[in-house]
Visitor: 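So that we are looking at the same thing, I have put the structure below in structure tokens.
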Amino acid sequence: MTGTGSRAVRFDRYGGREVLYVADVPMPAPAAGEVVVAVRAAGINPGETNIRTGALHDRFPATFPSGQGSDLAGVVTAVGESAGELAAGDEVLGFSWRRSSHATHVSVPVSQLIRKPPELSWEVAGSLYVAGCTAYAAVRAVDTRQGDTVAVSAAAGGVGTVVVQLLGVRGAQVLGIASPANAQWLIAHGAVPVRYGDGDGLAERLRAAAPEGIDAFIDLFGPDYVQLAADLGIPRDRIETIISFQKAEELGTKAEGSATASTAKVLTEMAELVASGEIEIPIAATYPLERVADAFAELERRHTRGKIVLIP
């Protein structure tokens, strides 16, 4: 890599993983209020798959050629005017709303960055934004209270692992819907594991796990779980989904995602919880940037526990 060039993930049309490639691109230059970050780690997320395939075209259309990625952590290499206190050499984490973090270098507004706590590895720091802020928004959306019982679908996924732990920090009892392979992890983190599978008695298993009732439901997987939550009689204003927007509109439930919690203040709070050891961010796998398609192949199997991270 020369001092004048960068490399970044691109796709030129909607499609499967085969449309992804890594291209040589000009080194970004910081505008006023921005810095350039040499990316050390960048998490990948299911929403990026849905954008790339066109599944979210009506909500989040792509402009081609498109970059990809929002999570990032790295080292500041260049500083624009009015960039505040950040300087070259500072270690930071944060997010890009330009679909650009899956790259060796990215220009980012300083309002979307915080200093990286030294206790956080690059892999954890680079995958904190989407999982951390989405979990924060979801837990806030269902108005979690001390002593509540909250069911969580996809409880061992990238966002789910953080939701489970954040609910525990808030004093809730968690029913973690996941595969049996994740039962021990859930138990170790204070949750009651409930085997997934909506066609073979899941509602009965949830009722058995919480005979006094379920106060709230956080869906991280799909519309069937939103319907299940309504069928269980959970109040609609205490059902949250981060993915099933159409179903939420149909049933009158909540559908808040990371955008409602995408602030430096929330990101700082989540980073402090991780740095203190109150919450862990499991890292399922890391991949070099050139193997971005392989990283998404693993993600799209939907059986990983925790985050998958690109290392540019």
Visitor: Which atom names give the shortest non-hydrogen contact between L251 and A230, and what distance separates them?
Guide: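 That would be CD1-CB, 4.1 Å.
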Visitor: Please output the side-chain donor-acceptor pairs of residues 280-288 that fall under 3.5 Å, not counting sequence neighbours, one pair per line with the distance.
Guide:
from : atom 1 : to   : atom 2 : distance (Å)
E280 : OE2    : W185 : NE1    : 3.2
E280 : OE2    : H189 : NE2    : 2.5
Y287 : OH     : E298 : OE1    : 2.3

Visitor: Check whether Q165 reaches the backbone of T161 with its side chain - one donor and one acceptor, N or O, closer than 3.5 Å.
Guide: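 Side chain of Q165 to backbone of T161, a donor-acceptor pair under 3.5 Å: yes, one is there.
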Visitor: Using modelled atom types only, decide if a donor and an acceptor are shared between the side chain of K254 and the backbone of A141 within a distance under 3.5 Å.
Guide: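 Flag set: sc K254 to bb A141 pair under 3.5 Å.
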Visitor: Are the side chains of K307 and N45 in touch, meaning some heavy atoms are under 4.5 Å apart?
Guide: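 Yes, side chains in contact.
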Visitor: Measure from the side-chain N and O atoms of K265 to the backbone N and O of E269, and report whether any donor-acceptor pair falls under 3.5 Å.
Guide: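 No, K265 side chain to E269 backbone: no donor-acceptor pair under 3.5 Å.
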Visitor: Does anything in residues 111-134 pair up under ring-ring contact (aromatic ring centres under 6.0 Å, His included), and if so which pairs, sequence neighbours excluded?
Guide: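 Applying ring-ring contact (aromatic ring centres under 6.0 Å, His included) to every pair that reaches into residues 111-134, excluding sequence neighbours, yields F95-Y129.
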Visitor: Search all heavy atoms of K116 against all heavy atoms of A125 and return the closest pair with its distance.
Guide: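 That closest heavy-atom pairing would be CD-CB, 3.6 Å.
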Visitor: Would a single hydrophobic cluster contain both I311 and L93, if residues Ile, Leu, Val, Met, Phe, Trp and Tyr are joined by side-chain heavy-atom contacts under 4.5 Å?
Guide: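 Yes, L93 connects to I311 through the hydrophobic network.
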Visitor: When clusters are formed by joining ILVMFWY residues with side-chain heavy atoms under 4.5 Å apart, either directly or through shared neighbours, do V75 and V36 land in the same one?
Guide: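 No.
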Visitor: Are a donor atom and an acceptor atom from the side chains of T104 and S6 found within less than 3.5 Å of each other?
Guide: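 On atom types as modelled, these side chains qualify, holding a pair under 3.5 Å.
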Visitor: According to the ring-ring contact (aromatic ring centres under 6.0 Å, His included) rule, which pairs have a member within residues 41-61, sequence neighbours left out?
Guide: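 Those involving residues 41-61 are Y14-H57.
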Visitor: OH of Y21 to CZ of F11: how many Å apart, nearest 0.5 Å?
Guide: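 Y21 atom OH to F11 atom CZ measures 10.0 Å (nearest 0.5 Å).
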Visitor: Are E123 and R40 close enough that some pair of their side-chain heavy atoms sits under 4.5 Å apart?
Guide: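 They are not in contact (no side-chain heavy atoms under 4.5 Å apart), so the answer is no.
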Visitor: Can you check salt bridge (charged side-chain N to carboxylate O under 4.0 Å, His left out) on E48 and R99, steps first, answer last?
Guide: CA-CA 9 Å; E48 289 146 7; R99 301 178 187 171; over 6 Å; no
Visitor: First locate atom CG of L166, then atom OH of Y136, and finally report the distance between them rounded to the nearest 0.5 Å.
Guide: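 L166 atom CG to Y136 atom OH measures 8.5 Å (nearest 0.5 Å).
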Visitor: Ignoring hydrogens and geometry, is there a side-chain-to-backbone donor-acceptor pair from S121 to V124 under 3.5 Å?
Guide: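 Side chain of S121 to backbone of V124, a donor-acceptor pair under 3.5 Å: yes, one is there.
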Visitor: Counting neighbours of CD on E18 that are heavy atoms of other residues, nucleotides or ligands and sit closer than 6.0 Å, is the number greater than 12?
Guide: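 Yes, enclosed.
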Visitor: Return all side-chain donor-acceptor pairs below 3.5 angstrom for residues 206-215, not counting sequence neighbours, or 'none' if the list is empty.
Guide:
from : atom 1 : to   : atom 2 : distance (Å)
D215 : OD2    : T149 : N      : 2.8

Visitor: If hydrophobic clusters are built by linking Ile, Leu, Val, Met, Phe, Trp and Tyr wherever their side-chain heavy atoms come under 4.5 Å apart, do V9 and V25 end up in the same one?
Guide: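 No, V9 and V25 fall in different hydrophobic clusters.
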Visitor: Examine R13 relative to F64 and say whether NZ or CZ is less than 6.0 Å from the centre of the six-membered ring and inside a 45° cone about the ring axis.
Guide: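 No.
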Visitor: Return the CD to OG distance between Q112 and S70, rounded to the nearest 0.5 Å.
Guide: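 The OG atom of S70 is 10.0 Å from CD of Q112, to the nearest 0.5 Å.
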Visitor: Side chains of D12 and V19: does their closest heavy-atom pair fall under 4.5 Å?
Guide: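 Not touching, per the 4.5 Å side-chain cut-off.
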Visitor: Give the intermediate values and the outcome of side-chain contact (heavy atoms from CB on, under 4.5 Å) for residues Y225 and K247.
Guide: CA-CA 10 Å; Y225 286 103; K247 194 67 172 181; over 6 Å; no
Visitor: Among Ile, Leu, Val, Met, Phe, Trp and Tyr joined by side-chain contacts under 4.5 Å, find the other residues sharing a cluster with V92 and list them by chain and number.
Guide: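 Besides V92, the hydrophobic cluster comprises V35, V37, V39, L72, V76, V79, L86, V106, V108, V110, L113, listed by chain and residue number.
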Visitor: In terms of heavy-atom contacts, does CD of Q246 have more than 12 from other residues, nucleotides or ligands at under 6.0 Å?
Guide: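 Count not over threshold, so no.
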Visitor: Using every non-hydrogen atom in the two residues, find where A178 and N182 come nearest and quote the distance to one decimal.
Guide: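 Closest heavy-atom pair between A178 and N182: CB-CB, 4.2 Å.
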Visitor: Any link between V266 and W97 through a network of hydrophobic side chains (Ile, Leu, Val, Met, Phe, Trp, Tyr) touching at under 4.5 Å?
Guide: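 Same hydrophobic cluster.
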Visitor: Is there a path from V130 to L167 through hydrophobic residues (I, L, V, M, F, W, Y) whose side chains come within less than 4.5 Å of each other?
Guide: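 Yes, one cluster joins them.
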Visitor: Taking E272's backbone N and O only, do any of them form a donor-acceptor pair with S276's side chain (distance below 3.5 Å, no angle check)?
Guide: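 Present.
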Visitor: Looking at every non-hydrogen atom in both residues, tell me the closest pair between S107 and P30 and how far apart they are.
Guide: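 Of all heavy-atom pairs spanning S107 and P30, the closest is OG-CA, 3.6 Å.
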Visitor: Would you compute the distance between atom CE of M270 and atom CG of L273 and round it to the nearest 0.5 angstrom?
Guide: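 Rounded to the nearest 0.5 Å, the CE-CG separation comes to 5.5 Å.
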Visitor: Do P26 and H105 have side chains that approach each other closer than 4.5 Å (heavy atoms only, starting at C-beta)?
Guide: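 No - every pair of side-chain heavy atoms lies 4.5 Å or more apart.
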Visitor: With a 4.5 Å cut-off on side-chain heavy atoms, are Q68 and R10 touching?
Guide: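 Sidechains of Q68 and R10: no contact.
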Visitor: Could you tell me whether the side chain of F217 reaches within less than 4.5 Å of the side chain of V142, counting heavy atoms only?
Guide: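 A side-chain contact is absent here, since even the closest heavy-atom pair is not under 4.5 Å.
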Visitor: So, for I44 and A295, which heavy atoms are closest and what is the spacing to 0.1 Å?
Guide: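 In this case the closest contact between I44 and A295 is CD1-O, 3.5 Å.
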Visitor: Report yes or no: does S244 contribute a side-chain atom to a donor-acceptor pair with the main-chain N or O of T241 at less than 3.5 Å?
Guide: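 Judged by distance alone, no pair lies under 3.5 Å.
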Visitor: Please tell me if the side chains of Q173 and V192 come closer than 4.5 Å, counting only heavy atoms from C-beta onward.
Guide: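 Heavy-atom side-chain distance check passes, below 4.5 Å.
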Visitor: To the nearest 0.5 Å, what is the distance between CD1 (I308) and OG1 (T304)?
Guide: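 That separation rounds to 4.0 Å.
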Visitor: Is it true that the side chains of S127 and D71 contain a donor and an acceptor less than 3.5 Å apart?
Guide: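 Checked: S127/D71 side chains show no N/O donor-acceptor pair below 3.5 Å.
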Visitor: Does any N or O in the side chain of H102 come within less than 3.5 Å of the main-chain N or O of G43, such that one atom is a donor and the other an acceptor?
Guide: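 The answer is yes, because a donor-acceptor pair under 3.5 Å joins these two groups.
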Visitor: Filter on salt bridge (charged side-chain N to carboxylate O under 4.0 Å, His left out), then keep only pairs touching residues 131-159, sequence neighbours left out; what's left?
Guide: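 Checked against salt bridge (charged side-chain N to carboxylate O under 4.0 Å, His left out) - neighbours excluded - the pairs reaching residues 131-159 are D143-R145, D148-R238.
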Visitor: Look only at the side chain of R195 and the backbone of I177, and say whether a donor-acceptor pair between them is shorter than 3.5 Å.
Guide: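 No: the side chain of R195 does not pair with the backbone of I177.
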Visitor: Within this structure, what is the CG-CD distance for the pair D219 and E240, rounded to the nearest 0.5 Å?
Guide: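 Output value for this atom pair is 8.5 Å.
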Visitor: Taking L220's backbone N and O only, do any of them form a donor-acceptor pair with S153's side chain (distance below 3.5 Å, no angle check)?
Guide: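 Yes.
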Visitor: What is the minimum heavy-atom distance between L186 and G176, and which atoms define it?
Guide: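 For L186 versus G176, the nearest heavy atoms are CD1-O, 3.6 Å.
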